[in-house]
Amino acid sequence: MKRSYLALLVSVIFILATAGVSFAAMGEGTVSAKKGVDLTLFGNNRFIPTYSTNLIDFDSSNPSGNDPLTLDEGGFGAGFFVRNELRIGFAGKGENFGFKVILENDIHYSKDNVDRNTYSGYGNVSSDFGSEFSVERSNFWYDFGPVKLSTGWDVTFQDLKTGGLLYGDDHPYIMLSGEVDKVMDWQVYMLLINDSDDVNSTGGNHYRDTDWYTYNAKFNFKFCGLTLSPFFTYSDMRKGIQKYGNAQAYYAGFEGYGKIGMLMPSFEVVGVTGTINDAAPGGKDYDIRSWAAFAALKLDLMPEFQPYLGGFYVQGDDDLTDDDAEGFVGITNITRYTPTFGMEGAIMYEHLGSLGAPLYGLVPERLGGGSATYGGIGAGGTGNNPGLIYLGMGATGKLDKVSYKVQTAYMWFAEKDGLNLKNDEIGWTVDALVTYPLSSNVVTSFCTSFLDPGDGVQDLLGKKADDTAWISRLEICWSW
């Protein structure tokens with residue numbers, strides 16, 4: 001079996017850490033790495049058996065075993081598969097500085113994956129997924145007093161606390177941040193999503209710029225139990241990776257969330273304008289003009305029952321032949337991890353390729369095709385997409401040690417004419433999550449979710465696409 005230098009390094013760290021722990025009180029979990037630096041070791045292992053059916057084609061007439069593949073962080077899968085995410089991390093803090101490093105292996109159970117034969121071409125193994133144990137996240141910071149400098153590739157976000165329509169991800173970043181009298185904090189940062197050159201095979205030994213940078217600012221004002229936050233992003237995408245075109249998009253948004261008595265409101269609105277130049281071999285240009293919004297209200301009635309309702313509106317494009325890119329696309333739609341309608345394991349946050357929705361997001365941003373791309377995971381979101389209307393309700397609560405979250409929603413394409421659909425209904429979804437702690441270090445949960453497709457899905461995929469799609473997953477998480 002292959003053994004990487006990184007695995008050897010981690011082994012050495014743990015040997016040294018264990019030696020240090022022997023001089024500390026049992027269970028403290030911290031050791032002295034160097035004078036003036038406290039090192040903390042932590043980690044978790046998530047074991048996630050999963051079963052899905054009709055997830056992409058909504059067609060139960062397919063012979064058993066012929067379901068189209070979907071994908072998650074561990075690889076491709078269909079029917080029954082087992083995802084396992086193992087993370088081992090260490091964090092340190094000293095005078096005016098600190099750091100955190102998390103190493104990860106995220107796979108589907110199979111011999112080739114656990115043996116790290118990532119280039120064998122068998123099963124779902126791929127070096128694009130998590131089977132090569134390496135650094136998944138890092139954050140290094142220094143506090144100068146009024147300004148803090150941070151860099152690495154950890155989770156950063158613009159609107160994760162509300163609708164997640166614009167951005168949340170663990171892209172590489174350089175950040176400055178600060179705080180003013182505990183009533184306002186701010187951050188400005190640059191994301192280096194792509195930073196490489198691509199050989200232009202048609203032009204000889206020349207290189208095409210494939211950089212995608214974004215420049216971001218966010219301000220959080222706090223008063224009367226609320227946080228009000230304007231945010232701004234300039235996205236400069238040089239699309240050499242797609243062989244042609246450049247896209248410059250300017251986003252401006254505003255979000256709010258908090259608690260006033262028993263009311264827990266949250267909302268977001270974000271608009272985008274810009275241009276896509278030379279977006280096709282013929283040199284067609286597009287004007288980007290779009291917007292999206294989210295609003296919800298949750299009631300803190302009692303710990304056992306906290307109902308909520310809300311929805312999303314995401315503008316779509318009604319004419320794919322014109323030079324307007326009116327379908328909204330963020331940098332990374334991250335609704336899966338937002339407080340109100342977010343739920344890991346819910347069907348709408350899986351990779352529903354047939355509906356144009358990539359992993360983590362609700363928006364069908366990859367439908368519509370064409371070359372009007374200006375954002376999204378893998379730069380795959382097009383301004384020709386039909387948009388989304390989502391109306392939902394649900395409840396959370398805790399009964400003794402058992403926590404639950406149940407929600408339902410109905411969805412429509414915001415625009416059906418661009419795709420030449422007769423109907424706009426995406427369908428009805430129900431999601432349910434139950435969590436129970438087996439101990440202070442081991443938690444188990446079960447999530448089940450289904451989507452009953454509407455007439456718009458049948459218009460898009462064909463008359464056979466009328467069967468309910470379903471996914472269920474059990475999770476056991478060990479943490480330390």
Could you walk me through whether V135 and I102 satisfy the side chain to side chain contact (heavy atoms under 4.5 Å, CB included) test, starting with their C-alpha distance in whole Å, then the side-chain angles of each, then the deciding distance to 0.1 Å, before giving a yes or no? CA-CA 6 Å; V135 177; I102 298 175; over 6 Å; no

For E255 and K218, what are the C-alpha separation, side-chain angles and deciding distance, and is it a salt bridge (Lys or Arg N to Asp or Glu O under 4.0 Å)? CA-CA 10 Å; E255 70 171 359; K218 182 175 176 64; 2.7 Å; yes

Side chain to side chain contact (heavy atoms under 4.5 Å, CB included) between Y250 and I288: does it pass, once the steps are laid out? CA-CA 9 Å; Y250 302 83; I288 302 169; over 6 Å; no

Taking it one step at a time, do L451 and M411 satisfy side chain to side chain contact (heavy atoms under 4.5 Å, CB included)? CA-CA 10 Å; L451 171 61; M411 296 166 290; 3.8 Å; yes

Verdict with reasoning, D170 to R137, per salt bridge (Lys or Arg N to Asp or Glu O under 4.0 Å): CA-CA 7 Å; D170 54 3; R137 292 179 183 170; 3.5 Å; yes

Would R83 and E475 count as a salt bridge (Lys or Arg N to Asp or Glu O under 4.0 Å) if you check the C-alpha gap in whole Å, the side-chain angles of each, and the deciding distance to 0.1 Å? CA-CA 9 Å; R83 177 187 168 205; E475 177 175 339; over 6 Å; no

Could you walk me through whether F99 and S138 pass the side chain to side chain contact (heavy atoms under 4.5 Å, CB included) test, one step at a time? CA-CA 7 Å; F99 62 89; S138 75; over 6 Å; no

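If you check the side chains of T435 and K405, you find no donor sitting under 3.5 Å from an acceptor. Side chains of S479 and N441: no donor on one and acceptor on the other come within 3.5 Å. A donor and an acceptor atom, one from each side chain of E365 and T382, are nowhere located under 3.5 Å apart. A donor-acceptor contact closer than 3.5 angstrom links the side chains of Y167 and T156. A donor and an acceptor atom, one from each side chain of N246 and N277, are nowhere located under 3.5 Å apart. With 3.5 Å as the limit, one finds no donor-acceptor pair spanning the side chains of N216 and Y251. In this structure, a donor-acceptor pair under 3.5 Å is absent between the side chains of W186 and S177. Under the 3.5 Å distance criterion, with hydrogens and angles disregarded, a donor-acceptor pair is assigned to the side chains of N84 and N45. Side-chain contact, Q187 with Y173: no donor N or O sits under 3.5 Å from an acceptor N or O.
Electrostatic pairing of R336 and E350 counts as a salt bridge here, judged by a charged N lying under 4.0 Å from a carboxylate O. A salt bridge is absent between E73 and R46: the closest approach of a Lys/Arg side-chain nitrogen to an acidic carboxylate oxygen does not fall below 4.0 angstrom. Using a cutoff of 4.0 Å between basic side-chain nitrogens and carboxylate oxygens, R238 and D236 are scored as salt-bridged.
In this structure a side-chain-to-backbone donor-acceptor pair under 3.5 Å is missing from D324 to E326. Between the T70 side chain and the H351 main chain, a donor and an acceptor come within less than 3.5 Å of each other. The backbone N or O of V183 sits nowhere less than 3.5 Å from a side-chain atom of D181 that would complete a donor-acceptor pair. With Q158 contributing its side chain and L166 its backbone, the two residues share no donor-acceptor pair below 3.5 Å. Formation of a donor-acceptor pair under 3.5 Å by the N113 side chain with backbone atoms of H108 is found in this model.
The heavy-atom pair separating I174 from L149 by the smallest distance is CG2-CD1, 4.4 Å. When all heavy atoms of N194 and Y213 are compared, the closest pair comes out as O-CE2, 3.6 Å. The two residues T340 and Q407 come nearest to each other via the heavy atoms O-OE1, 3.7 Å. For the residue pair L160 and Y337, the shortest heavy atom distance occurs at CD1-O, 3.8 Å. Here the closest heavy-atom approach between residue L362 and residue N333 is recorded as N-OD1, 3.2 Å. Taking each heavy atom of Y404 and V406 in turn, the nearest pair found is CD1-CG2, 4.2 Å.
Using a 4.5 Å cut-off on side-chain heavy atoms (C-beta onward), F47 and V82 make contact. Using a 4.5 Å heavy-atom threshold, the side chains of L367 and L419 count as touching. Residues L192 and W153 are not in side-chain contact: their nearest non-hydrogen atoms beyond the backbone lie 4.5 Å or more apart. Looking at heavy atoms from C-beta onward, L191 lies out of side-chain contact with P172 at the 4.5 angstrom threshold. At least one side-chain heavy atom of S449 sits less than 4.5 Å from a side-chain heavy atom of T429. With contacts defined as side-chain heavy-atom distances shorter than 4.5 Å, the pair F328/V270 qualifies. The closest side-chain heavy-atom distance from Y215 to S235 is not below 4.5 Å. Side-chain contact between T214 and M190 is absent, with no heavy-atom pair separated by less than 4.5 Å.
Taking the centre of each ring, F97 and Y142 stay at or above the 6.0 Å mark. Centroid-to-centroid, the aromatic rings of Y313 and W291 come within less than 6.0 Å. A distance of 6.0 Å or more separates the ring centres of F223 and F221.
The structure places CG of N96 at 6.0 Å from CG of D143, a figure rounded to the nearest 0.5 Å. One finds the CZ atom of F413 at 11.5 Å from the CD1 atom of I389 (value rounded to the nearest 0.5 Å). Atom CE in M175 sits 8.5 Å away from atom CG in N139 (nearest 0.5 Å). Atom CD1 of I334 and atom CG of D159 lie 9.5 Å apart (nearest 0.5 Å). D300 CG to Y308 OH: the interatomic distance, rounded to the nearest 0.5 Å, is 14.5 Å. In this structure, CG on D431 lies 9.5 Å from CE on M348, to the nearest 0.5 angstrom.
None of F294, Y410, F341 except one satisfies the ring pair (Phe, Tyr, Trp, His ring centres under 6.0 Å) rule with Y390; the exception is F341.
Atom NZ of K298 has more than 12 neighbouring heavy atoms from other residues, nucleotides or ligands inside a 6.0 Å radius.
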